[in-house]
Enquirer: 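My structure is below; once you've seen it, I'll send some questions.
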Amino acid sequence: MNQVLEKIQKLKNKRNAVILAHNYQPGEIQDLADFTGDSLGLSIQASKTDAEVIVFCGVLFMAETAAILSPRKTVLLPDKTAGCPMADMITADQLRDLKAKHPDALVVCYVNSSAEVKAESDYCCTSSNAVEVVNSLPKEKQIIFVPDQHLGRFVVERTGRDLVLWPGYCATHVVITQDDIKNKKEKYPDAIVMTHPECTEPVKEISDQLLSTGQMLRFAKKNPEKQFIIATEIGIIHTLKKQNPASEFIAASDRAICPNMKKITLDKIIGSLEDMQHKVTIPEMISIKAKKALDRMVETLPTK
Ligand code: SF4
C-alpha cells in the first residue's frame, strides 16, 4: 500500500469513517472507496452503514442525501464546491410556483436536486428506479417531474404517462451527440451501445440499452466478452474495465467529463478526515420533509 493510501486508512480508522464514491469519480478514488455505486446504491449504503462518519466522494446533492438518510452521522464532502449544475437548475421557489399551477399534481424529483427541492416533493427517484416510482403512482394523478427533462422523457416513453417536465439537463450528458454514437458504431459495428437516460433523445433513439450506471455495471457482467460503447460520464469506464477485463469499453465521447465529479482528490480526502471538513448539514425541517420523499425512493427497487 502506498503512503497516501496508508494515511487515508489510518484516518478512516481513527474517525470510524466509511468512504462512498460515485461511479463517475476518478479511478483512484473508486479504487480506495469502501463502496462505489450509483445514486440509489450509495443512498442505500449511506442509510445502512454503522460508521460514524461518511466521506462522500461525489457532488453536494449526494452528500446532502446521505445526511438526510443518516441524520445522526457526520457527512463530509471533501470539496465544498463540488456541486451539480443540473440540481441548481430548479429552486424550491420555482418548484412551489410550478405546484401552484398544477395544484392536484404529485411531484417526483430526480435525486439530482437540492434538499429544499426534495422537501417540496412527494417522491424522489434515481435514474435506475424513475420508471418504477412513476408506475407506482395512481393513474389518474397528474405528475410533475423535475429537474431533468431528458430523464423525464425517458420515463414518459416507458410509462405512457403524461408528465409535466422542467427544462433542466446535465451539461455533461448533453455533449454526447447522435453523430458521436454513429461514428463509434461505424468503427465498432458489433458493440452494444449502453446509454444513460440523461442523454438527449436523438442519442437514446439509436442506443441498444438505456441504463443507469449501476445497471450498466450489472448488464456488462451478464454479457461477458463483448464490446460496449458507453454514453455517460467516462469515469464509469474505469470500473467497467476492472470488473470485466475480457470486454472492451469505448467512450461514446471523450468530452463527457463532469468537472464537479473530478474535484475530489486523494489529498482532499486526507484533509477532509484530518479536519472533519466540509460538514454537510441540512436544517431539520427541510431534512424531515425531504426524508419522506427519499425513503420512498430507497424503498422502490428497480426491476433491472
Ligand atoms: S454528471 Fe451531470 S448530473 Fe451528474 S453531477 Fe455532473 S452535472 Fe450533475
Side-chain angles (χ1 to χ4, degrees), residues 20-27 29-30 33 36-43 46 56-67 75 77-91 108-118 121 124-130 145-155 165-177 180 194-201 203-204 210-217 230-240 251-265 268 278 280 297:
L20 304 185
H22 190 268
N23 289 323
Y24 296 157
Q25 283 291 294
I29 291 179
Q30 294 193 48
T36 306
D38 61 7
S39 291
L40 184 60
L42 292 169
S43 301
F56 212 108
C57 300
V59 293
L60 178 63
F61 77 81
M62 297 178 175
E64 284 183 343
T65 299
V75 178
L77 183 63
D79 184 321
K80 66 176 177 194
T81 70
C84 168
M86 185 213 281
D88 295 338
M89 284 178 187
I90 186 164
T91 63
V108 178
C109 77
Y110 189 21
V111 71
N112 301 32
S113 53
S114 68
E116 290 81 4
V117 164
K118 289 183 178 82
S121 302
C124 198
C125 70
T126 70
S127 54
S128 64
N129 68 359
F145 188 93
V146 297
D148 185 18
Q149 58 180 301
H150 299 296
L151 177 63
R153 291 204 189 97
F154 165 75
V155 175
L165 299 178
W166 186 256
Y169 60 89
C170 165
T172 300
H173 282 85
V174 301
V175 300
I176 303 170
T177 64
D180 288 329
M194 294 202 285
T195 293
H196 195 279
E198 284 176 26
C199 288
T200 62
E201 286 57 55
V203 167
K204 286 185 280 198
L210 303 182
L211 302 167
S212 73
T213 55
Q215 289 167 336
M216 285 183 192
L217 289 164
I230 306 299
T232 188
E233 211 276 352
I234 60 173
I236 193 177
I237 293 180
H238 174 82
T239 303
L240 282 166
S253 166
D254 291 332
R255 289 164 291 133
I257 298 174
C258 174
N260 283 285
M261 283 283 180
K262 308 305 186 214
K263 284 183 177 174
I264 310 295
T265 62
K268 287 180 192 169
H278 299 274
V280 176
M297 173 186 94

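When a ligand or atom number is given, it counts from 1 through the structure's own listing order.
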Enquirer: What is the minimum heavy-atom distance between Ile234 and Ser253, and which atoms define it?
Expert: CG2-O, 3.6 Å
Enquirer: Go through the structure and list residues passing side-chain contact (heavy atoms from CB on, under 4.5 Å) with Lys262, not counting sequence neighbours.
Expert: Pro26, Glu233, Ile257
Enquirer: For Ala63, which residues count as a side-chain contact (heavy atoms from CB on, under 4.5 Å) partner, sequence neighbours excluded?
Expert: Phe56, Val75, Leu77, Val280
Enquirer: Give me each pair satisfying salt bridge (charged side-chain N to carboxylate O under 4.0 Å, His left out) with a member in residues 81-91, each pair once, sequence neighbours excluded.
Expert: none
Enquirer: Ring centroid separation for His173 and His150, is it under 6.0 angstrom?
Expert: no
Enquirer: Closer than 2.8 Å to atom 2 (Fe) of ligand 1: how many protein N, O or S atoms are there?
Expert: 1
Enquirer: Tyr24 and Thr232: side-chain donor and acceptor closer than 3.5 Å?
Expert: yes
